[in-house]
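Following: one structure in structure tokens, then a few remarks.
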Amino acid sequence: MHQRTARPLDPMSDAAIAASVVPLPIEEVAEKLAVPAKAVYRYGPHKAKLGLDFVSTLAPTGKLVLVTAINPTPAGEGKTTTTIGLGDALSRLGTKVAVCLREPSLGPVFGAKGGATGGGRAQIIPMQDINLHFTGDLHAITAAHNLLSALIDNHIHWGNALDLDARRISWRRVMDLNDRALRQVTIGLGGPPNGFPREDGFDITVASEVMAILCLADSLQDLEARLSRMVIGQTRGRRMVTAEELGGIGSMVALLRDAFQPNLVQTMEGTPALVHGGPFANIAHGCNSVMATRSALALADVVVTEAGFGADLGAEKFLDIKCRQAGLAPSAAVVVATVRALKMHGGVAVKSLGIPDVAAVKLGCANLKRHVENLSKFGLPVVVALNHFTSDTDEEVAAVAAELSPLGVSVHVCRHWAKGGTGAEDLARAVLEAIEKPSDFRFLYPDALPLAEKIETVAREIYRAERVDFSTAAAAKLKEFEAAGFAHLPVCMAKTQYSFSANPLARNAPSGHVLPVREVRLSAGAGFVVALAGDIMTMPGLPSAPAAHEIFVMPDGFIAGLS
């Protein structure tokens, strides 16, 4: 233990860079948004929650900018970093701005991806707190979700008055860590005192319907109503059973009351940031909370938010699910790419990314262009942010601009990682110009379209698939959901983030493929139907060299190794 904590801190690490800045008192950050002191509930000197009695009175009036990206690669894209850098740049240009982000999950923090607070000179702080326990929101969601799990098995133990079929309980347990061993478990072993044995499993907390509900509800009353509507399983007669029938919804709301309040922190340059909620984008809807976004739109003139992973996942669900339910209409979208990532999509191996390769850049731009084309289907003005690396050549950058020129989209090289907000001012000016253009925002599909056709529309229009192959069970479930009155719901696609297809190895811009939908799940409380495509898992596993191996506490208590 002594040897581990005595290791020197890398001065170029994100943790060290973040620690080099003295944060403003959270009250000063709140003042930038004209939040009264009585509405600021401090969680220490540098983070706070905004009181519900205050935010519930606010009416959105600002312009909303969505930051999304190309399909992620090991080369890195920097979507969150760009969101933060753009916010800082807008602030430097005199715009009253707020940044809205998701809360990190401990799964990727200790797994492969790492933290979610940005990087370099474009970070939100205090990064250690935000990446770990923060204000306890994810713990509260975990507790509320598992309380319902306990109530289900308790109900069966004490006579099963609802006639629940233990084989058809769809409500799984959750925890906010990656642990593949918990994907499928058997519970209730050990005889009558321990209940009835049955098969169960764990999802990661950020895939929980409770998380989705917390992020989509617009009031405590709406939160309670949505929790009540959740379907937890079926009776032996195949009737759907809701959470309300089990009782305990009031207790779940009590656990979630404080978590429902938006969190306020700041960037390294003191720009206000509302960081609240965190559903995964590859297995959930991938957006921060409606409460935070609507609050920010009422408190700032421009709000910069992000949707998880590439635009085929996060942006599509942000637009078709969150905006549909919350009545939001973005004014513009920013697509983030890097020369390095484009070269990977063009077929270059990771070890060769530092070698100039204009041809590979041009080839990989097919991925970028498809995302731009897809966003235009929603009627949004689009700007491209090219996140700069020192290995980028002028010829490679020029190639990206040339490839995007026929689409009428401007490309802006950004250096916010190294320079903070000043490195993204060109991008900020382009965004300010874009949000003044007429908006023709529209959804990809109407509510009235049947569920299977909604899935097929996303697959055809966004993924460029030739067709969707529904498993027999998935097709039957969709008809069952429609018969039960859920045909009007939007669909939440759960698939790999690495490709337009369900094959994570198919980079760049595959088309004409078949999208296999093996399972569908009803999230009646959240208000969408989840379609699981390919081998996507709702409980990730740890990689062979997890980030947990590199995190340590120094003798002075400083947590190092976070990124």
Kindly indicate, with the supporting measurements, whether the criterion side chain to side chain contact (heavy atoms under 4.5 Å, CB included) is fulfilled by H133 and H139.
CA-CA 8 Å; H133 303 290; H139 300 315; 2.9 Å; yes
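- No side-chain donor from either of D176 and T205 sits under 3.5 Å from a side-chain acceptor of the other.
- Ion pairing between R324 and D447 holds under the 4.0 Å rule for side-chain N and carboxylate O.
- When all heavy atoms of G525 and R229 are compared, the pair lying nearest together is O-NH2, 3.9 Å.
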Set out, in order, the CA-CA distance, both residues' side-chain angles and the distance that settles side chain to side chain contact (heavy atoms under 4.5 Å, CB included) for V431 and V334, then state yes or no.
CA-CA 8 Å; V431 167; V334 176; 3.7 Å; yes
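- Other residues, nucleotides and ligands place more than 12 heavy atoms under 6.0 Å from the CD atom of E519.
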Residues I232, T242; criterion side chain to side chain contact (heavy atoms under 4.5 Å, CB included); working and verdict
CA-CA 6 Å; I232 59 90; T242 65; over 6 Å; no
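- With hydrogens and angles disregarded, no donor-acceptor distance shorter than 3.5 Å links the side chain of R521 to the backbone of V530.
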Audit row: T117, N131, side-chain hydrogen bond (donor to acceptor under 3.5 Å, both in side chains) steps and yes/no:
CA-CA 7 Å; T117 53; N131 275 322; 3.3 Å; yes
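- A donor-acceptor pair under 3.5 Å links the side-chain atoms of H155 to the main chain of A161, judged by distance alone.
- The number of heavy atoms from other shown groups lying within 6.0 Å of CZ (R239) is above 12.
- By the 4.5 Å heavy-atom criterion applied to side chains, T186 and L189 are counted as neighbours.
- Side-chain N or O atoms of K495 include none that pairs as donor or acceptor with a backbone N or O of P516 at under 3.5 Å.
- Between the R518 side chain and the I536 main chain, a donor and an acceptor come within less than 3.5 Å of each other.
- Between the side chains of N288 and T305, at least one donor-acceptor pair of N or O atoms lies under 3.5 Å.
- Atom-to-atom distance recorded for E103:CD and I141:CD1 is 7.0 Å, nearest 0.5 angstrom.
- Side-chain contact between V303 and K63 is absent, with no heavy-atom pair separated by less than 4.5 Å.
- Of all heavy-atom pairs spanning S295 and V55, the tightest one is OG-CB, 3.4 Å.
- Inspection of the D312 and N71 side chains reveals an N or O donor paired with an N or O acceptor under 3.5 Å.
- Atom CD of E199 has 12 or fewer neighbouring heavy atoms from other residues, nucleotides or ligands inside a 6.0 Å radius.
- Under the 4.5 Å side-chain criterion, counting only non-hydrogen atoms from C-beta, R183 is in contact with M537.
- Of the options R167, R172, R173, a salt bridge (charged side-chain N to carboxylate O under 4.0 Å, His left out) to D200 is made by R173 and by none of the others.
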Using side-chain hydrogen bond (donor to acceptor under 3.5 Å, both in side chains), reason through T135 and N263 one step at a time and then give a plain yes or no.
CA-CA 8 Å; T135 56; N263 302 304; 2.9 Å; yes
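- No donor-acceptor distance shorter than 3.5 angstrom exists from the side chain of K454 to the backbone of A448, with no hydrogens or angles considered.
- Summarising the local packing, CG of D535 is surrounded by 12 or fewer heavy atoms from other residues, nucleotides or ligands at distances under 6.0 Å.
- Considering only heavy atoms from C-beta on, N367 stays 4.5 Å or farther from R507 through its side chain.
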Let's go through V65 and V302 carefully: what are the C-alpha distance in whole Å and the side-chain angles of both, what is the deciding distance for side chain to side chain contact (heavy atoms under 4.5 Å, CB included) to 0.1 Å, and is it a yes or a no?
CA-CA 7 Å; V65 177; V302 177; 4.1 Å; yes
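- One distance of note links CD of E466 with CZ of R460; it measures 12.0 Å at 0.5 Å rounding.
- Distance check: F378 CZ to E316 CD gives 5.5 Å after rounding to the nearest 0.5 Å.
- Between the K49 side chain and the D258 main chain, a donor and an acceptor come within less than 3.5 Å of each other.
- Residue R294 holds its CZ atom at 12.5 Å from SG of C100, rounded to the nearest 0.5 Å.
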Run the salt bridge (Lys or Arg N to Asp or Glu O under 4.0 Å) test on R236 and D163 for me, step by step, so that the C-alpha distance in whole Å, both residues' side-chain angles and the decisive distance to 0.1 Å come before the verdict.
CA-CA 6 Å; R236 280 182 277 236; D163 195 32; 2.5 Å; yes
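- Contact check on E456 versus R467 returns no salt bridge, with no Lys/Arg side-chain nitrogen under 4.0 Å from an Asp/Glu carboxylate oxygen.
- Other residues, nucleotides and ligands place more than 12 heavy atoms under 6.0 Å from the CZ atom of F441.
- Annotation for L375 and A333: closest pair CD1-CB, 4.0 Å, computed over non-hydrogen atoms.
- Within the 3.5 Å criterion, the main-chain N or O of D153 finds no donor-acceptor partner in the side chain of R198.
- Looking at heavy atoms from C-beta onward, T293 lies in side-chain contact with K322 at the 4.5 angstrom threshold.
- In this structure, the side chains of T61 and L297 stay at 4.5 Å or more apart for every pair of heavy atoms.
- In this structure, the side chain of N282 does not engage the main chain of F309 through any donor-acceptor pair within 3.5 Å.
- Looking only at side-chain heavy atoms (C-beta outward), Y463 and V458 come within less than 4.5 Å of each other.
- Crowding of K479 atom NZ: a count of heavy atoms from other residues, nucleotides or ligands under 6.0 Å not exceeding 12.
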Apply side-chain hydrogen bond (donor to acceptor under 3.5 Å, both in side chains) to residues S208 and H145 and explain how you reach the verdict.
CA-CA 7 Å; S208 165; H145 181 114; 2.7 Å; yes
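- In this structure, a donor-acceptor pair under 3.5 Å is present between the side chains of E77 and T73.
- Remark: R464 engages E373 in a salt bridge, criterion side-chain N to carboxylate O under 4.0 Å.
- Interatomic distance, F260 CZ to D137 CG, rounded to the nearest 0.5 Å: 11.5 Å.
- Side-chain contact between I152 and L246: present, with at least one pair of heavy atoms (C-beta onward) separated by less than 4.5 Å.
- Between the side chain of S331 and the backbone N or O of I435 there is no donor-acceptor pair closer than 3.5 Å.
- Under 4.0 Å is where a charged nitrogen must lie from a carboxylate oxygen, and between K377 and E461 at least one such pair does.
- Remark: L52 CG to Q261 CD distance equals 4.5 Å, nearest 0.5 Å.
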Begin from the C-alpha positions of H371 and F500 and carry the test ring-ring contact (aromatic ring centres under 6.0 Å, His included) through to its verdict.
CA-CA 10 Å; H371 286 297; F500 279 106; 4.6 Å; yes
Between T80 and E306, is the side-chain hydrogen bond (donor to acceptor under 3.5 Å, both in side chains) condition met? List the steps.
CA-CA 7 Å; T80 301; E306 70 166 1; 2.9 Å; yes
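- N178 and G111 make their closest contact through ND2-CA, 4.3 Å (heavy atoms, listed as atom of the first residue, atom of the second, distance).
- A cation-pi arrangement is absent between K477 and F470 under the rule of less than 6.0 angstrom and at most 45 degrees off the ring axis.
- At least one donor-acceptor pair closer than 3.5 Å links the side chain of E209 to the backbone N or O of A526.
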